[in-house]
Amino acid sequence: MNHSESTRNFFEDVYDVVRLIPKGRVTSYGAIAAYLGSRGSSRMVGWAMNAAHGQKPPVPAHRVVNRNGLLTGKHHFETPTKMEELLKKEGVIVEKEAVKEFKKLFWDPSAELL
DNA sequence: TTCCTGACTCCAG
DNA sequence: CCTGGAGCCAGGA
């Protein structure tokens with residue numbers, strides 16, 4: 001397989017995992033990267049999210065935050081408050097750029113997807 | 001092709 | 001507690 005094919009599959013894999021995140025739960029870029037077998041590629045997960053807009057079926061990118069629960073990707077949504085609004089709609093409280101009860105709401109694909 | 005950037009994370013000081 | 005550097009690797013200029 002060539003380079004573009006493996007890239008496409010990596011993105012598809014990321015989207016599939018993100019779509020499996022339960023409503024009202026969140027995970028991190030690093031957790032997804034680790035689940036896909038490339039721990040150091042957390043930045044690529046973020047890059048994938050950057051290209052996730054308009055995907056069918058939709059990719060709930062708002063459920064992916066950084067390892068501390070901070071909404072570092074909020075500026076990539078339609079509006080800077082969109083990410084927080086979507087989370088709040090699912091019952092996730094966001095306080096000062098971060099997910100409240102992050103540890104409790106954290107969904108780890110490596111542990112949940114057995 | 002090289003250089004730079006980035007929705008990240010870890011580690012050293 | 002905070003800062004900087006390194007590793008990561010796909011794209012755009």
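Note on naming: letters A, B, ... go to the chains in the order of the sequence lines (proteins, then strands), and numbering restarts at 1 for each one.
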J.: What's the CZ-C1' distance between Phe10(A) and dC9(C), to the nearest Å?
T.: 9 Å
J.: Rounded to the nearest 0.5 Å, what separates atom CG in Asn66(A) from atom OG1 in Thr72(A)?
T.: 4.5 Å
J.: Please classify the nucleic acid contact of His53(A) as base, sugar-phosphate, or nothing, using heavy-atom distances under 4.0 Å.
T.: base
J.: How long is the line joining CH2 of Trp47(A) and P of dC9(C), in whole Å?
T.: 15 Å
J.: Given atom CE of Met44(A) and atom P of dT9(B), what is their separation to the nearest angstrom?
T.: 13 Å
J.: What is the distance, rounded to the nearest whole Å, between atom CG of Asn50(A) and atom P of dT5(B)?
T.: 16 Å
J.: Using only side-chain N and O atoms of Arg43(A), determine if any of them is under 4.0 Å from OP1 or OP2 of dA10(C).
T.: no
J.: What's the verdict on side chain to side chain contact (heavy atoms under 4.5 Å, CB included) for Glu97(A) and Lys74(A), showing C-alpha distance, side-chain angles and the deciding distance?
T.: CA-CA 9 Å; Glu97(A) 310 276 298; Lys74(A) 62 185 296 183; 2.8 Å; yes
J.: Would you classify Ala61(A) as touching base, sugar-phosphate or nothing, given that sugar-phosphate means primed atoms plus P, OP1 and OP2, and contacts are heavy atoms under 4.0 Å?
T.: base
J.: Is dT3(C) paired to anything, Watson-Crick or G-U wobble with both distances less than 3.5 Å, and if yes, which nucleotide?
T.: dA12(B)
J.: Is any side-chain heavy atom of Trp107(A) closer than 4.5 Å to a side-chain heavy atom of Val26(A)?
T.: no
J.: Calculate the interatomic distance between Leu70(A) atom CG and dC2(C) atom C1'; express it in whole Å.
T.: 15 Å
J.: Taking the side chain of Phe11(A) as heavy atoms from C-beta outward, which of dA10(C), dA7(B), dT9(B) is closest to it?
T.: dA10(C)
J.: Quick one: Ile32(A) CD1 to dT9(B) P, roughly how many Å, whole number?
T.: 10 Å
J.: Quick check on DNA chain B: between Ala48(A) and Arg39(A), whose nearest nucleotide comes earlier from the 5' end?
T.: Ala48(A)
J.: Figure out the CE/P separation between Met49(A) and dG11(C), and round it to whole Å.
T.: 14 Å
J.: Does a nitrogen or oxygen in the side chain of Ser38(A) sit under 4.0 Å from OP1 or OP2 of dC9(C)?
T.: no
J.: Show your reasoning for whether salt bridge (charged side-chain N to carboxylate O under 4.0 Å, His left out) applies to Glu90(A) and Lys23(A).
T.: CA-CA 6 Å; Glu90(A) 299 182 352; Lys23(A) 186 178 180 182; 5.9 Å; no
J.: In this structure, how many angstroms lie between the C1' atom of dT9(B) and the OH atom of Tyr29(A), rounded?
T.: 13 Å
J.: What about Ser41(A), does its side chain sit under 3.5 Å from the base of dC8(C) through a donor-acceptor pair?
T.: no
J.: Taking dA7(B) as the reference, what is the distance to dC2(C) when you measure between their C1' atoms (whole Å, please)?
T.: 23 Å
J.: Scan Asn66(A) against the nucleic acid and name what it touches under 4.0 Å (heavy atoms): base, sugar-phosphate only, or nothing.
T.: sugar-phosphate
J.: Mind listing the closest non-hydrogen atom pair of Leu105(A) and Arg25(A) along with its distance?
T.: O-NE, 2.9 Å
J.: With both distances under 3.5 angstrom, what nucleotide forms a Watson-Crick or G-U wobble pair with dA10(C)?
T.: dT5(B)
